[in-house]
Participant: 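Take this structure, written in structure tokens, and hold onto it; I'll ask about it next.
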Amino acid sequence: MSLPAPISIDYVSADLADLLAEPRVLAVLGFADAPASDDPRYLRVGLVPAASPAPYEVWRAQGVVETGRDGDVRWAADADYCYGAIELAESDYADIADATRAAYSALAAFVAGSRWPHLVRIWNYLADINVGDGDAERYKHFCTGRAAGMGALSGTAFPAASAIGRSDGARVLQVYWLAAREPGRPIENPRQTSAWRYPRQFGPTAPTFARAMRAPGMAPQLYISGTASVVGHASQHDGDVDAQLAETFANLDSLLASATLPHFGAGSVLKVYVRHASDVAAVTANLDRRLPPDARRLVLIGDICRLELLVEIDGLHAAVI
Ligand code: 3EB
């Protein structure tokens, strides 16, 4: 079989109906200010953009796209890549751990039984992520439910991931992912303890994600997990958003080096999650200094999964080489 043909990701200001009419569109993500649509390729993510109207995040495949629904899973795929999404209302489950376990069981069953059995990347959005003290924090329950639900998939390499607090308040767990016909290559960061080895102080179940994933095939693409001001396993620069961004970029530089890819540029599409709207101006100015002008960035209001973290960055880096 031929090598996988990479997908592209762009931020696009356009009409939703026009985007969904494109035959190679694999997924369209709107944010909290976007309209609703029943198209299985569309998900409205519960994050409020720092500036409205936000563009859509558009994933385009190189092959012909088919779509479907399978239980709670909505999906779209070409021969090489499959996008999938699940949204579960927490009120239908005992608690956030149970809802997460249900979402991940459905995800794992779908992915394992599909023509795209290799998870590349997962995004998770849940309300009130920092509510609850110590081991009762909702993020920690989410981690427990995720590990329980991943089941059959947990024997393989963990995908890249982000887990962010919804800023629209809706207690609906949103999980969406990219899976592939061929496996990607997980990348860890020498500046950071691998998340699945985090010590007990961060909760009873360690987070199960890789720091990044090189795309399957030969494309110089890196799917970057949520990256924040964490060195080793410890958060750094409590209360200082500029210092946290400096540390975050040190982590990102180290990650790109581990993946043997050059700097951010025209093929970089980054999401920047900011806890406090009052930090947006400082964050935007800081990003303008650190990123080349052709690197795309979208600033969203969202809670980071450790209370002391003020900012986190994830995205796709398609290196121009
Ligand atoms: C960290 O480095 C910050 O639980 O899926 C980043 C990316 C973080 C993904 C997840 C959590 C997750 O630990 C938090």
Side-chain angles (χ1 to χ4, degrees), residues 45 47 86 96-97 99-101 103-104 107-108 119-130 132 135 137-150 153-154 157-166 173-178 186-213 222-238 241 244-255 258 270-275 300 302-317:
V45 169
L47 295 172
I86 297 179
I96 184 64
T100 308
R101 182 204 44 74
Y104 271 82
L107 180 167
L119 277 166
V120 174
R121 180 69 170 91
I122 309 184
W123 289 260
N124 307 276
Y125 299 114
L126 59 148
D128 303 321
I129 194 166
N130 303 125
D135 285 353
E137 188 184 32
R138 279 165 53 86
Y139 171 64
K140 291 170 185 143
H141 286 294
F142 161 86
C143 286
T144 298
R146 170 170 59 182
M150 268 190 173
L153 290 179
S154 60
F158 296 124
S162 299
I164 296 288
R166 293 179 71 132
L173 170 66
Q174 299 183 305
V175 179
Y176 68 92
W177 65 89
L178 179 68
I187 305 282
E188 288 302 302
N189 191 332
R191 297 185 89 239
Q192 300 188 297
T193 307
S194 290
W196 66 88
R197 297 202 176 104
Y198 277 176
R200 175 65 181 83
Q201 72 199 80
F202 296 102
T205 313
T208 38
F209 65 94
R211 294 292 174 188
M213 184 77 85
L222 187 68
Y223 290 88
I224 299 171
S225 292
T227 303
S229 179
V230 172
V231 180
H233 55 71
S235 304
Q236 309 287 323
H237 317 296
D238 200 351
V241 76
Q244 288 197 9
L245 267 174
E247 204 71 71
T248 299
F249 273 91
N251 282 334
L252 290 168
D253 287 346
S254 161
L255 198 57
S258 294
L270 302 176
K271 285 200 286 261
V272 182
Y273 306 96
V274 179
R275 180 183 294 279
L300 301 163
D303 290 336
I304 292 78
C305 64
R306 294 185 188 185
L307 206 46
E308 66 279 10
L309 294 175
L310 300 172
V311 62
E312 183 170 301
I313 297 177
D314 75 16
L316 173 62
H317 175 45

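Read the numbers this way: they start at 1 and go in the same order the structure lists the ligands and their atoms. Note that this is a predicted model, so its numbers are computed, not measured.
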Participant: Write out the residue and atom name of the closest protein heavy atom to atom 6 (C) of ligand 1, then the distance separating them to 0.1 Å.
Facilitator: G226 O, 3.2 Å

Participant: Tell me: protein heavy atom nearest atom 12 (C) of ligand 1, and distance?
Facilitator: F209 CE2, 3.2 Å

Participant: Write down the atom of F158, the atom of A210, and the distance for their closest heavy-atom approach.
Facilitator: O-CB, 3.4 Å

Participant: Touching ligand 1 at all, Y139? Heavy atoms, strictly under 4.0 Å?
Facilitator: yes

Participant: Identify the protein heavy atom lying closest to atom 3 (C) of ligand 1, giving its residue, its atom name and the separation to 0.1 Å.
Facilitator: E312 OE1, 3.9 Å

Participant: Kindly write out the residues that satisfy side-chain hydrogen bond (donor to acceptor under 3.5 Å, both in side chains) with D303, not counting sequence neighbours, or none if the list is empty.
Facilitator: none

Participant: With heavy atoms of A161 as the reference, note each atom of ligand 1 found under 4.0 Å away.
Facilitator: 5 (O), 7 (C), 9 (C)

Participant: Report the part of S162 (side chain from C-beta onward, or backbone N, CA, C, O) that has a heavy atom under 4.0 Å from ligand 1; answer both or neither where that applies.
Facilitator: backbone

Participant: Enumerate the atoms of ligand 1 whose separation from the nearest heavy atom of R211 is less than 4.0 angstrom.
Facilitator: 1 (C), 2 (O)

Participant: Near C305, which atoms of ligand 1 are under 4.0 Å from a heavy atom of that residue?
Facilitator: 8 (C), 11 (C), 14 (C)

Participant: Could you report the tightest heavy-atom contact between L47 and R166, atom names first, then the distance?
Facilitator: CD2-CA, 3.9 Å

Participant: Against the six-membered ring of F202, is R306 placed for a cation-pi contact (under 6.0 Å from the centre, within 45° of the normal)?
Facilitator: yes

Participant: Please list the nearest protein heavy atom to atom 5 (O) of ligand 1 with its residue and the distance rounded to 0.1 Å.
Facilitator: R146 NH1, 2.7 Å

Participant: Quiz question: by atom type and distance under 3.5 Å, do the side chains of Y104 and N124 form a donor-acceptor pair?
Facilitator: yes

Participant: Give the atoms of ligand 1, by number and element, whose distance to some non-hydrogen atom of Y198 is under 4.0 Å.
Facilitator: 1 (C), 2 (O), 13 (O)

Participant: State whether a side-chain donor-acceptor pair under 3.5 Å links N251 with T227.
Facilitator: no

Participant: Does this structure show an ion pair linking D135 with R200, if we count only N-O contacts that are shorter than 4.0 Å?
Facilitator: yes

